[in-house]
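Here it is, the structure, as structure tokens.
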Amino acid sequence: MVKLHDPSSDGPNRPSDPPESDRQLFSARASTFFRFSLIGAILVIVGSGIAASAYFHSASRYGVGFAPAQPVPFSHRLHAGELKIDCRNCHAAVETSAFAGMPATETCQACHSQLLTDAPQLKPVMESSARKVPLEWNRVTRLPDHVYFDHSIHVNKGVGCTTCHGDVGHMDRLAQSEPLTMRWCLDCHRNPGPSLRPASSVFSATTPSTRLGPPPAELIRSYQIHVANLTDCSTCHH
């Protein structure tokens with residue numbers, strides 16, 4: 001008779017295979033790789049969230065600092081700042097139209113048909129005049145299509161040009177200075193006083209270091225501004 005071997009007879013110290021439930025599913029190397037991958041994924045998600053938040057709150061997201069090249073390297077610092085040329089000389093429709101208007105070639109030629117005619121930077125003006133082709137200026141500030149903005153009502157109610165466009169008298173190349181968001185506009189509509197100027201300084205190319213003229217409350221009364229109506233949706237969304 002063949003006697004079967006009984007493992008229990010080998011004594012208590014004999015190693016035995018671990019139970020199926022105690023066996024490690026992945027190797028130690030695979031587990032370490034998984035842990036580091038998980039930590040890396042968390043860091044990427046957190047970092048992406050921080051970067052997205054920073055971008056959302058950054059000025060550049062709203063176009064602040066945008067300064068496109070123009071067909072003519074026109075310097076506002078020279079013309080509006082140093083020479084004190086009135087804004088309305090180039091933006092002739094600003095008091096009567098929603099669009100302020102851009103200078104035609106003839107506007108430039110009013111001075112430069114006699115002055116600095118051979119200057120290289122004025123070559124586009126001379127070519128535009130000779131070929132009868134208008135200069136194509138590039139927009140610096142652009143509002144969404146669903147927003148209605150009227151230059152004339154703002155300047156006629158005492159809002160200074162630099163309120164929205166910044167100190168153009170200090171800019172060689174014009175750049176967007178304000179975010180022009182809905183919140184930014186509403187802040188002014190709720191409290192327009194600080195943005196108002198006497199009629200004589202509305203078109204100044206720089207913001208004065210100290211406030212000049214009547215106090216804000218008096219300017220609001222003199223321009224007959226009804227602040228309660230300025231936050232109606234229809235004011236900007238026709």
Side-chain angles (χ1 to χ4, degrees), residues 52-68 76 80-81 85-103 137-171 173-238:
S53 177
Y55 172 73
F56 181 82
H57 292 93
S58 67
S60 60
R61 176 177 182 263
Y62 302 105
V64 175
F66 177 61
H76 280 79
I85 296 176
D86 194 293
C87 301
R88 292 165 289 187
N89 191 67
C90 293
H91 306 289
V94 69
E95 294 179 288
T96 58
S97 173
F99 179 55
M102 296 299 292
W137 301 97
N138 295 312
R139 294 192 67 134
V140 176
T141 56
R142 185 183 299 274
L143 294 175
D145 291 340
H146 61 273
V147 177
Y148 175 77
F149 179 86
D150 190 322
H151 277 85
S152 64
I153 189 63
H154 286 80
V155 298
N156 285 309
K157 290 295 184 179
V159 179
C161 296
T162 58
T163 299
C164 299
H165 295 292
D167 285 326
V168 296
H170 295 152
M171 300 181 193
R173 179 188 288 190
L174 192 67
Q176 182 174 326
S177 298
E178 301 294 344
L180 306 180
T181 60
M182 182 174 178
R183 175 181 293 180
W184 185 85
C185 294
L186 281 174
D187 285 344
C188 186
H189 278 211
R190 292 186 180 112
N191 182 28
S195 300
L196 303 182
R197 293 184 178 183
S200 60
S201 60
V202 167
F203 297 100
S204 173
T206 57
T207 302
S209 56
T210 57
R211 183 173 180 85
L212 304 175
E218 185 176 332
L219 287 172
I220 289 175
R221 287 193 298 270
S222 65
Y223 284 117
Q224 299 181 8
I225 297 173
H226 304 287
V227 178
N229 298 331
L230 295 181
T231 54
D232 289 345
C233 297
S234 60
T235 301
C236 301
H237 305 288
H238 287 189

- Item | Heavy-atom pair of closest approach, residues Gly166 and Ser177 |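 The answer is CA-OG, 3.6 Å.
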
- Message: Restricting to non-hydrogen atoms, name the atom on Arg139 and the atom on Pro68 that form the minimum distance, rounded to 0.1 Å.
- Response: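 It is O-CG, 3.6 Å.
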
- Query: Distance-only, no hydrogens or angles: does the His76 side chain make a donor-acceptor pair with backbone N or O of Gly169 under 3.5 Å?
  - Reply: no

- Task: Taking all non-hydrogen atoms of both residues into account, name the closest pair between Val64 and Pro179 and its distance.
- Result: CG2-N, 3.6 Å

- Message: Determine whether Leu219 and Ile225 satisfy the following criterion, side chain to side chain contact (heavy atoms under 4.5 Å, CB included), listing intermediate values before the conclusion.
- Response: CA-CA 9 Å; Leu219 287 172; Ile225 297 173; over 6 Å; no

- Indicate yes or no: at least one non-hydrogen side-chain atom of Cys87 is less than 4.5 angstrom from one of Val94. no

- Query: Tell me, do Cys161 and Val168 make a side-chain contact under 4.5 Å, heavy atoms counted?
  - Reply: no

- So which pairs with a foot in residues 147-164 pass side-chain hydrogen bond (donor to acceptor under 3.5 Å, both in side chains), sequence neighbours left out?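 Every side-chain hydrogen bond (donor to acceptor under 3.5 Å, both in side chains) pair that includes a residue of residues 147-164, provided the two are not neighbours, is Tyr148-Asp150, Asp150-Ser152, Thr162-Arg197, Thr162-Thr207.
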
- Message: For Val227 and Arg190: C-alpha separation, side-chain torsions, deciding distance, then whether side chain to side chain contact (heavy atoms under 4.5 Å, CB included) applies.
- Response: CA-CA 7 Å; Val227 178; Arg190 292 186 180 112; 5.7 Å; no

- Query: Would a 4.5 Å heavy-atom cut-off, applied to side chains only, mark Leu186 and Thr231 as touching?
  - Reply: yes

- Message: Are Asn229 and Thr235 packed together at the side-chain level, in the sense that at least one heavy-atom pair is separated by less than 4.5 angstrom?
- Response: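 Result no, sub-4.5 Å side-chain heavy-atom pair not found.
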
- For Ala80, which residues count as a side chain to side chain contact (heavy atoms under 4.5 Å, CB included) partner, sequence neighbours excluded? Ala205

- Query: How about Pro214 and Pro198: do any of their side-chain heavy atoms sit closer than 4.5 Å?
  - Reply: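 With C-beta onward as the side chain, the pair touches.
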
- Task: Check Phe99 against Ala93 and note the closest heavy-atom contact, atom names and distance.
- Result: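 Smallest interatomic distance, heavy atoms only, reads O-CB, 3.5 Å.
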
- Message: Do Cys185 and Phe149 have side chains that approach each other closer than 4.5 Å (heavy atoms only, starting at C-beta)?
- Response: no

- Query: Are Phe66 and Arg142 side-chain neighbours, meaning at least one heavy-atom pair lies under 4.5 Å?
  - Reply: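 A side-chain contact is absent here, since even the closest heavy-atom pair is not under 4.5 Å.
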
- Item | Atom pair CG/SG of Asp86 and Cys90 - distance to nearest 0.5 Å |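 Output value for this atom pair is 9.5 Å.
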
- Qualifying salt bridge (charged side-chain N to carboxylate O under 4.0 Å, His left out) pairs with a residue from residues 174-183, counting only residues at least two apart or across chains: none

- Are Thr206 and Ser204 close enough that some pair of their side-chain heavy atoms sits under 4.5 Å apart?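 Yes; the side chains approach each other to less than 4.5 Å.
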
